[in-house]
Amino acid sequence: MYRQEKIKPYGEDGEKGQVVERMFDNIATNYDKLNHRLSWNIDKGWRRKAIGQLEQFHPQTMLDVATGTGDFAILAAKMLKPQHIVGADISEGMMAIGKEKVANLHLDQTISFRKEDSLNMSFADETFDAVTAAFGIRNFQDLDRGLSEMCRVLKYGGHLSIVELTTPVHFPIKQLFRVYSHTFLPTYASLISKDKAAYEYLTDTIEAFPQGEQMMIILQRAGFRKTYFKRLTFGICTLYLAEK
């Protein structure tokens, strides 16, 4: 078991998935605003790069895992023009905001939302041309199982695009990021969301999450091939691509 799978919001006992669901329900209202402010809006560029990697494949059916408030799905709909995107998440609170955003953008004919357990999704084998995930897989209770599920529902020859927060590996960005993530980030987040513990948890999962070459091995073990990764913005974020 990877170390991040043992980390739980609020330090509570019980199933991690249930505690994570409650945490995201709690912070849903301020989640988008905090994401953009805490990353200085750089997160928008990270998403665009990840979706851009799929343009050459022209996917028509897509699944966005851990979709949250739907930002990644919305960007995919605008950039890729697929027939249908399903945004799947465990948090009803996050998806409620996503549904409102999608309706306001008149994308509800393209994007739909479903509550799904990422470790045991209800979709049939080989359903989607592409599977995406932005800043969500580090919350999986079982990373291997979650990635295997993503591979299972992906069509043979389909593509996976993941963008995830990671820890920089080079001086001095590594040291600066640690100071930022352990002091400014949770303190500022607590002023906006009133849930400092949630953002302390998110910082802990970033540091504990396997990354780079280690993630390549994990993706291959889950059934993916042609795996590739690229560190973005000095390694604060990493883009992972793979094919089934």
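Since this is a predicted model, take the numbers as computed values, not measurements. We use all heavy atoms of the structure for the numbers below, so side chains are in, but hydrogens, waters and symmetry mates are not.
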Practice item. Mind running side-chain contact (heavy atoms from CB on, under 4.5 Å) on T167 and Q211 for me, showing each step along the way? Key: CA-CA 8 Å; T167 52; Q211 56 185 300; 2.7 Å; yes
As a quick check of understanding, evaluate side-chain contact (heavy atoms from CB on, under 4.5 Å) for M150 and F140, giving each step before the final call. CA-CA 12 Å; M150 294 166 80; F140 285 179; 4.1 Å; yes
- Report the C-alpha distance between T110 and Q83 in whole Å, list the side-chain angles of each, state the deciding distance to 0.1 Å, and finish with yes or no for side chain to side chain donor-acceptor pair (under 3.5 Å). CA-CA 6 Å; T110 301; Q83 293 177 0; over 6 Å; no
Where do E126 and K155 land on the salt bridge (Lys or Arg N to Asp or Glu O under 4.0 Å) test, with the steps shown first? CA-CA 4 Å; E126 300 192 10; K155 293 179 182 177; over 6 Å; no
Applying side chain to side chain donor-acceptor pair (under 3.5 Å), run through S118 and R145 and close with a yes or a no. CA-CA 9 Å; S118 58; R145 185 173 171 184; over 6 Å; no
Between M121 and R152, does the side-chain contact (heavy atoms from CB on, under 4.5 Å) criterion hold? Intermediate values first, please. CA-CA 10 Å; M121 293 188 284; R152 178 185 67 79; 4.2 Å; yes
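Here the shortest heavy-atom pairing between G136 and E164 reads N-OE1, 3.3 Å. The minimum heavy-atom distance linking G68 with D89 is given by the pair N-OD2, 2.7 Å. When all heavy atoms of P59 and P82 are compared, the pair lying nearest together is O-CB, 3.4 Å.
With hydrogens and angles disregarded, no donor-acceptor distance shorter than 3.5 Å links the side chain of K244 to the backbone of Y156. With hydrogens and angles ignored, the 3.5 Å screen pairs a side-chain donor or acceptor of D129 with a backbone N or O of T61. For S161 (side chain) and A50 (main-chain N/O), a donor-acceptor pair under 3.5 Å exists by modelled atom type. With D64 contributing its side chain and F72 its backbone, the two residues share no donor-acceptor pair below 3.5 Å.
Residues V86 and M62 have side chains not in contact (no heavy-atom distance under 4.5 Å, counting atoms from C-beta outward). Looking at F209 and N139, their side chains never come closer than 4.5 Å, going by heavy atoms from C-beta outward. Put simply, the side chain of L80 does not reach to within 4.5 Å of the side chain of F57, judged on heavy atoms. Between M79 and E55 the shortest side-chain heavy-atom distance falls below 4.5 Å. The shortest distance between side-chain heavy atoms of I218 and M216 does not fall below 4.5 Å. S122 places a side-chain heavy atom less than 4.5 Å from the side chain of R114. Looking at K115 and E92, their side chains come closer than 4.5 Å, going by heavy atoms from C-beta outward.
To the nearest 0.5 Å, atom CG of residue L147 and atom CD1 of residue I137 are 5.5 Å apart. Atom-to-atom distance recorded for L63:CG and I85:CD1 is 10.0 Å, nearest 0.5 angstrom. Distance check, rounded to the nearest 0.5 Å: CZ of F113 to CE of M95 gives 8.0 Å. A distance of 4.5 Å separates CG of L165 from CD1 of I206, quoted to the nearest 0.5 Å. Note that OG1 of T67 is 8.0 Å distant from CD1 of I74, once rounded to the nearest 0.5 Å. Rounding to the nearest 0.5 angstrom, the gap separating the CD atom in E149 from the CD atom in E116 is 9.0 Å.
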Less than 3.5 Å apart, which donor and acceptor atoms pair up between the side chains of residues 229-242 and the rest of the protein, not counting sequence neighbours?
{"unit_1": "T233", "atom_1": "OG1", "unit_2": "W46", "atom_2": "NE1", "d": "2.8"}
{"unit_1": "T238", "atom_1": "OG1", "unit_2": "T166", "atom_2": "OG1", "d": "2.8"}
{"unit_1": "Y240", "atom_1": "OH", "unit_2": "G212", "atom_2": "N", "d": "3.0"}

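Between the side chains of S112 and H84, at least one donor-acceptor pair of N or O atoms lies under 3.5 Å.
Taking the charged nitrogens against the carboxylate oxygens, R221 and D144 do have a contact shorter than 4.0 Å, which makes a salt bridge. Salt bridge present: K101 and D71 bring a charged side-chain N and a carboxylate O closer than 4.0 Å.
The hydrophobic cluster containing V169 does not contain M215, counting ILVMFWY residues as joined when their side-chain heavy atoms lie under 4.5 angstrom apart, directly or transitively. Criterion: ILVMFWY side-chain heavy atoms under 4.5 Å apart, direct or through other members. Under it, L143 and I217 are not part of a common hydrophobic cluster.
In this structure, E100 places its CD atom where only 12 or fewer heavy-atom neighbours from other residues, nucleotides or ligands lie under 6.0 Å away.
For the pairing with V131, the side chain to side chain contact (heavy atoms under 4.5 Å, CB included) check across I162, L160, L54 returns one residue only, L160.
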